[in-house]
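Submitted below is the structure of interest, expressed as structure tokens.
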Protein chains: 2
Amino acid sequence: MELSQLRTLIHVAELGSLSKAADRIGIAQPALSRQIRMLEEELSVRLFTRHGRGMVLTDKGREILEHATRVMTELEEIRATASDLDAPLRGRISIGFPPTVADILSLPLVAAFRRTHPQVELRLVGAYTGHLLDWLHRGEIDVAILYDPNSARSLRSEPLLLENLFLIGPPDSGLSGERSIPFKDLDGKRILLPSTRHGLRTIVEQCAVEAGIALHIAIEADSYATLKDLVRHGHGWTILPLSPIHDDIAAGRLAAAPLIDPAPVRQLVLSYPADRPVSRLTRFAGETIADIVADHVERKVWPGRLLGRGQVRTP
Amino acid sequence: MELSQLRTLIHVAELGSLSKAADRIGIAQPALSRQIRMLEEELSVRLFTRHGRGMVLTDKGREILEHATRVMTELEEIRATASDLDAPLRGRISIGFPPTVADILSLPLVAAFRRTHPQVELRLVGAYTGHLLDWLHRGEIDVAILYDPNSARSLRSEPLLLENLFLIGPPDSGLSGERSIPFKDLDGKRILLPSTRHGLRTIVEQCAVEAGIALHIAIEADSYATLKDLVRHGHGWTILPLSPIHDDIAAGRLAAAPLIDPAPVRQLVLSYPADRPVSRLTRFAGETIADIVADHVERKVWPGRLLGRGQVRTP
DNA sequence: GAACAGATATAACTATATTGTATATCTCGA
DNA sequence: TCGAGATATACAATATAGTTATATCTGTTC
């Protein structure tokens, strides 16, 4: 196995054609044909099926492609380590967030890029996890923060945060950050939540089961703004992360209290595609996001628990 | 950059000598000298310092070595994917655990290996995190479960579990799994804990600060068995994970209750060395441990919250 | 159905890269 | 000081990769 063979695999997989890959790489097509054949012989596996107009990866070929792209990522990391790239990164990156996360991270992330890599063109995309997953797979975004997509197709995800969810009520509800509410106390209360296809709803329903109560879901609304408004006007209570409620609490429009026994939480992960090499720009973005999240949690601006690797990160 | 150069880098780094590496690899020493030199020229970096009797990695060389070992790991994964190795793994592996974790995982882990890879020689090593870290770095163990070593030197860690800690009392203490105890209620109680260098102690003290109380540490003992005995004989209460207490509770010797507001938890991670390629045997062990932990948490045998990647794992 | 275009695979040859051999040079230990 | 162990360089030998030529196949168009 040689690096040139893995590079050829990657190019041919992307272009679907030895001839196009030859044009791209600047090497004669028969040389690429031979490289692929020798790789297939060494591994004793068919990487591509051939047809009259090109070639397509087999299932096994696709699996091997993922590892090949990781090899390329490690090689890029070797080069970057060797050169200690301090020159500002350039190029364009698309980063996806759930809307509430975008509210928290956008400004500090933009500030960090402006400070260290001003020539980078950022595209910040707010959408729900299902859409973000699609766009990651399609290559329309490079990296995304997602709520725990356990059944996600091939992604490489790093846990970021366990985010606490809070009970949100009107200002005269007596809810306070200083006094936790046992989940059982929600029995019989009018609760407003997003619809069943929303991950937050699933988490809250699991907590209700665990607490041994049935929730009275008075109204379903997928928009946090709508839920907030309804709560403000006394139509019931809701359960949301604290981050979109900060300003409302500070302005006396809403009140919030932690829930316990059980405490509803959800996991946020940072996800990259597994079938494309991850650029230095993308890795910088991921590291910067992780740093900002850590800072927010440590300053208790974002209530939750940091999750992370013991792995030392290069500065 | 070529794979042969990276392999040479790895061998020379390990043996400290081109001549020894030449013997090992079966290629003439001048060829290896030139490979290293060409790699250094391409990267514009010194990988080794030379002295009269061999050569030693520079700091930069060490960083690059880590990436090179990951390249080798990916290549091994490519070969394994290609061949769909179902043949039983062979060889020897050392796995480290904190003692209480060893109690939970040893039997099912041994059973899993016996069932799928009976020719593997397991060495299960119980020790505290500090020792396990040392042994991982020294190559004396291949993989370890650790309590969150955030300041650990270069390891590759994957979060496994947030483990809940419980209040442990004598059987007549009225403690029950059904009724959570607010942390504040520990104010004024006689508490028995491990010493300050024990990670659990740090977590509990942080919780006390958060609850706004001061803990009365009547006795310090690092042995869980000692703590249990002291509690049984009415010398106070302790705070431990539930797993070492299961049998004592079932036998009516001790009682336990969840703590809340805040709930003390600690993070377990699965750690591999970053400067050596991770063998398939080691990866199988890691995956098997993760599966067993997941099973225990799902059956509520091990109270806590699973942490994991969204990444699809090959079966 | 035939012709043509686009594609892959193979053979043979050429060019380039890598390895081996010989040996110079250096450092360290006895 | 000498010898052993080590690395570095020059040159020759060998192996590998790329190019050219061309056979073969498939799909599209007329």
Side-chain angles (χ1 to χ4, degrees), chain A residues 1-62 64-65 68 71-72 75 78-79, chain B residues 1-62 64-65 68 71-72 75 78-79:
Chain A
M1 204 160 14
E2 296 295 339
L3 291 177
S4 56
Q5 291 168 342
L6 299 181
R7 284 190 199 102
T8 297
L9 168 64
I10 291 169
H11 285 296
V12 175
E14 181 189 333
L15 297 170
S17 157
L18 284 166
S19 306
K20 285 172 179 159
D23 282 346
R24 160 83 68 81
I25 297 172
I27 283 179
Q29 172 265 324
L32 302 192
S33 177
R34 187 140 137 267
Q35 281 179 350
I36 296 298
R37 178 168 60 80
M38 292 178 70
L39 186 56
E40 285 176 327
E41 282 174 6
E42 177 175 340
L43 298 176
S44 302
V45 92
R46 271 290 185 181
L47 299 170
F48 292 95
T49 55
R50 277 80 160 167
H51 53 88
R53 291 288 182 80
M55 42 214 269
V56 177
L57 279 171
T58 59
D59 289 341
K60 189 69 72 177
R62 201 168 297 114
I64 289 172
L65 174 68
V71 170
M72 296 304 134
L75 295 182
I78 287 175
R79 291 190 189 95
Chain B
M1 202 161 14
E2 296 296 339
L3 291 178
S4 55
Q5 292 168 342
L6 299 182
R7 283 189 201 102
T8 297
L9 168 64
I10 291 169
H11 285 294
V12 173
E14 181 190 333
L15 298 169
S17 156
L18 282 167
S19 306
K20 285 170 179 158
D23 283 344
R24 160 84 68 80
I25 297 172
I27 283 178
Q29 171 267 324
L32 302 194
S33 177
R34 187 139 147 286
Q35 281 179 352
I36 294 298
R37 177 167 62 79
M38 290 178 71
L39 185 56
E40 286 177 326
E41 282 175 8
E42 177 174 341
L43 299 176
S44 301
V45 94
R46 272 290 186 180
L47 299 170
F48 292 94
T49 57
R50 277 81 162 165
H51 52 89
R53 293 288 181 81
M55 43 213 271
V56 177
L57 279 171
T58 59
D59 288 343
K60 189 70 74 177
R62 203 169 294 116
I64 290 173
L65 174 68
V71 170
M72 296 304 133
L75 296 183
I78 287 175
R79 291 188 189 97

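Below, chains carry the letters A, B, ... as their sequence lines are ordered, and counting in each starts from 1.
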Looking at C/dT10, D/dT20, D/dA8, which one has an atom nearest to any side-chain atom of B/S33?
D/dA8
Taking all heavy atoms of A/E2 and all of B/E2, pick out the closest pair and write down the distance.
OE1-OE1, 3.7 Å
Atom CE of B/M55 to atom P of C/dC28: distance rounded to whole Å?
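Rounded to whole Å, this separation is 15 Å.
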So which heavy atom on A/T58 is nearest to which on A/R46, and how close?
OG1-O, 2.7 Å
Below 4.0 angstrom from OP1 or OP2 of D/dA8, is there any side-chain N or O of B/R50?
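Answer is yes, contact under 4.0 Å.
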Once you round it to whole Å, what is the distance between P of C/dT27 and CG of B/L18?
16 Å
Whole angstrom value for the distance that separates P of D/dA6 from CD1 of B/I36
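About 16 Å, once rounded to whole Å.
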Report the distance from atom CG of B/L47 to atom P of D/dA8, rounded to the nearest whole Å.
12 Å
Rounded distance (Å) that lies between atom C1' of D/dC11 and atom CZ of B/R34:
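Rounding to the nearest Å, CZ of B/R34 and C1' of D/dC11 are 11 Å apart.
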Could you check A/G26 against B/S17 and say which one's nearest nucleotide on DNA chain D is further toward the 5' end?
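The answer here is B/S17.
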Polar atoms only, N or O, under 3.5 Å: list the protein pairs with nucleotides 21-29 of chain D and their distances.
from	atom 1	to	atom 2	distance (Å)
D/dT26	O3'	A/G52	N	3.3

Say whether, by atom type as modelled, one donor and one acceptor occur between the side chain of A/S33 and the main chain of A/Q29 under 3.5 angstrom.
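Absent.
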Within this structure, what is the CE-to-C1' distance between A/M38 and C/dA11, rounded to whole angstrom?
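It is 15 Å, rounded to the nearest whole Å.
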What pair of heavy atoms forms the shortest contact from B/L32 to B/A21, and how long is it?
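The answer is CD1-C, 3.7 Å.
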Side-chain (B/Q35) to main-chain (B/Q5) donor-acceptor, under 3.5 angstrom
no
Apply side-chain contact (heavy atoms from CB on, under 4.5 Å) to B/I25 and B/R7, showing your working.
CA-CA 9 Å; B/I25 297 172; B/R7 283 189 201 102; 5.8 Å; no
With sugar-phosphate meaning primed atoms plus P, OP1 and OP2, does A/R37 contact a base, only sugar-phosphate, or nothing at under 4.0 Å between heavy atoms?
sugar-phosphate
So, does A/Q35 get its side chain near the phosphate of D/dT16, meaning an N or O under 4.0 Å from OP1 or OP2?
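For D/dT16, neither OP1 nor OP2 has a side-chain N or O of A/Q35 closer than 4.0 Å.
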What I want to find out is whether A/R34 reaches A/E40 closely enough, with some N-O distance under 4.0 Å, to be called a salt bridge.
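Salt bridge flag = no for A/E40 with A/R34.
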Value in whole Å for how far the P atom of D/dT16 lies from CD1 of B/I27
11 Å
Using whole Å, report how far CD1 of A/I25 lies from P of D/dA17.
14 Å
Go through the steps to decide whether A/I36 and A/R50 satisfy the test side-chain contact (heavy atoms from CB on, under 4.5 Å), and finish with yes or no.
CA-CA 12 Å; A/I36 296 298; A/R50 277 80 160 167; 3.7 Å; yes
Report the nucleotide, chosen from D/dT7, C/dT8, C/dT19, that has the shortest atom-to-atom distance to any side-chain atom of A/S19.
C/dT8
So which of residues 1-15 of chain A are in contact with DNA chain C, with a heavy-atom cut-off of under 4.0 Å?
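Here the set is empty: none.
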Quick test of your reading: applying salt bridge (charged side-chain N to carboxylate O under 4.0 Å, His left out), list the pairs with at least one residue in residues 15-30 of chain A, sequence neighbours left out, ordered by first then second residue.
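Every salt bridge (charged side-chain N to carboxylate O under 4.0 Å, His left out) pair that includes a residue of residues 15-30 of chain A, provided the two are not neighbours, is A/E14-A/R24.
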From the list C/dT19, D/dA8, C/dT8, which nucleotide is the closest neighbour of the side chain of B/A31?
C/dT19
Can you tell me how far the NZ atom of B/K60 sits from the CZ atom of B/F48, to the nearest 0.5 Å?
15.0 Å
